[in-house]
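See below for the structure under consideration.
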Amino acid sequence: MANITTTTAAAFIPEIWSKEVISAVESNLVLAPLVWRFDAEAKKYGDTIHVPSLSNLVANDKVANLPTSPQAPTETNTDILLDKHKETTFFVEDIAETQSMQDQMGLYTKKAGYAIAKAIDTDLAALAASFSQTYGTYNTAITTDVLLDSIEALDEAEAPADSRYFVFRPDVKRDLLDLAAYTSSDYVNGSPVVTGSIGDLYGVSTFMSTNIYKTGTSTNNMLFQKDAIALAMQTSPRTQSAYDLEYLGNRVTVDTVYGVLEMRDTFGVLIKT
């Protein structure tokens, strides 16, 4: 018997396309708001920001009948090079935009902006490798001693107690759950409004990010006080588009110019796991 099946009736059966999309997974972008910013200086002009040092003075004993001892420290500059120009570009032909039920321009513009933000976060995370103070061992779970030693290093350097941050990869968060300090009253849940925040650990604001540098089984986590790392945004991420008559479509570019630098080595700790 000849039956009408889904095969014979295929011409009458529509395919349904969802207005929702499966967006590529995005990592937490946490570092840019936590570091020492020089955006105002960068936006003026030039390709280098000279940041002068300021030395401490010492207290001398005043000797009777002898003059005071003027002090004249020789200061130096720390130079932040505005040498990073990142761009993300895509092209949408008219026919693709016209026939698509999705806003192709809007969707990919958001993804282009995210790509730029991730590049900045990744460049900042890479600076952990330059910290001369290191604790922990690669391919080894983090311990309470490593955490306390890292905090002590900042204390010894007289780093301000405020604006200190731990930044770990997700696998370290798993190890932290095995530590009593993480689940005791010393640990306070962070605000979900702050991207990547997973609370406080020994009074230090703690964040998680997959942008923390990892190669193989070696991970460069970070503890730092804000002044340890600098970010200077010369141009905030900008979106520009131009219509191309030859190819009949819109070319969109998101770009930015910035520089990053380790500023105070003693204010940062590389935590190996």
Side-chain angles (χ1 to χ4, degrees), residues 28 30-38 51-58 75-76 78 80 121-138 140-173 175-191 194-209 211-214 218-232 260-273:
N28 292 323
V30 305
L31 288 169
L34 308 181
V35 301
W36 194 359
R37 301 293 293 262
F38 288 84
V51 184
S53 63
L54 179 61
S55 300
N56 288 325
L57 301 178
V58 298
E75 307 294 6
T76 59
T78 298
I80 304 174
D121 222 49
T122 301
D123 283 338
L124 289 169
L127 294 176
S130 63
F131 292 150
S132 60
Q133 302 180 103
T134 64
Y135 292 95
T137 304
Y138 285 135
T140 302
I142 199 166
T143 66
T144 300
D145 282 341
V146 168
L147 295 172
L148 295 177
D149 287 344
S150 300
I151 294 173
E152 182 182 4
L154 264 60
D155 291 340
E156 291 287 351
E158 298 183 330
D162 64 316
S163 300
R164 291 186 182 186
Y165 307 103
F166 279 121
V167 186
F168 299 113
R169 282 190 66 90
D171 55 326
V172 181
K173 179 184 176 182
D175 294 332
L176 287 172
L177 290 172
D178 291 330
L179 301 181
Y182 190 80
T183 54
S184 74
S185 59
D186 291 327
Y187 175 80
V188 181
N189 286 329
S191 168
V194 182
T195 302
S197 174
I198 56 174
D200 290 352
L201 188 57
Y202 293 117
V204 178
S205 298
T206 306
F207 295 81
M208 180 185 70
S209 174
N211 294 327
I212 290 296
Y213 181 77
K214 181 175 183 179
S218 301
T219 303
N220 289 345
N221 305 284
M222 311 169 71
L223 167 64
F224 63 93
Q225 200 277 338
K226 181 179 181 179
D227 292 354
I229 297 173
L231 168 62
V260 300
L261 187 70
E262 177 193 353
M263 298 294 286
R264 290 180 178 269
D265 181 67
T266 58
F267 282 18
V269 177
L270 167 61
I271 302 176
K272 299 178 180 180
T273 59

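These numbers come from a predicted model, not from an experiment.
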- Query: Is the number of heavy atoms from other residues, nucleotides or ligands under 6.0 Å of E75 CD greater than 12?
  - Reply: yes
- Query: Is the F224 to Y165 ring centre distance short of 6.0 Å?
  - Reply: yes
- If we only count heavy atoms from C-beta on, is the F38 to L231 side-chain gap below 4.5 Å? no
- Which residues pass the side-chain contact (heavy atoms from CB on, under 4.5 Å) test with P33, sequence neighbours left out? none
- Task: Tell me, please, whether F168 has K173 positioned over its six-membered ring: NZ or CZ under 6.0 Å from the ring centre and within 45 degrees of its axis?
- Result: no
- Message: Among L223, V269, N221, which residue satisfies the side-chain contact (heavy atoms from CB on, under 4.5 Å) criterion with F166?
- Response: L223
- Query: Mind checking whether Y202 and T144 have side chains closer than 4.5 Å, heavy atoms only?
  - Reply: yes
- Please check if any side-chain donor atom of Q133 sits under 3.5 Å from a side-chain acceptor atom of T266, or the reverse. no
- Message: Do M263 and V35 make a side-chain contact, defined as non-hydrogen atoms from C-beta onward lying under 4.5 Å apart?
- Response: no
- Side chains of S209 and D121 in contact at under 4.5 Å (non-hydrogen atoms): yes
- Message: Can you tell me how far apart CE (M208) and CG (L176) are? Round to the nearest 0.5 Å.
- Response: 11.0 Å
- Item | I229 vs F131 side-chain heavy atoms within contact, under 4.5 Å | yes
- Partners of D171 by side-chain contact (heavy atoms from CB on, under 4.5 Å), sequence neighbours excluded? R169, K214, T219
- Looking at residues at least two apart in the chain, or sitting in another chain, which of them share a side-chain contact (heavy atoms from CB on, under 4.5 Å) with E156? E152
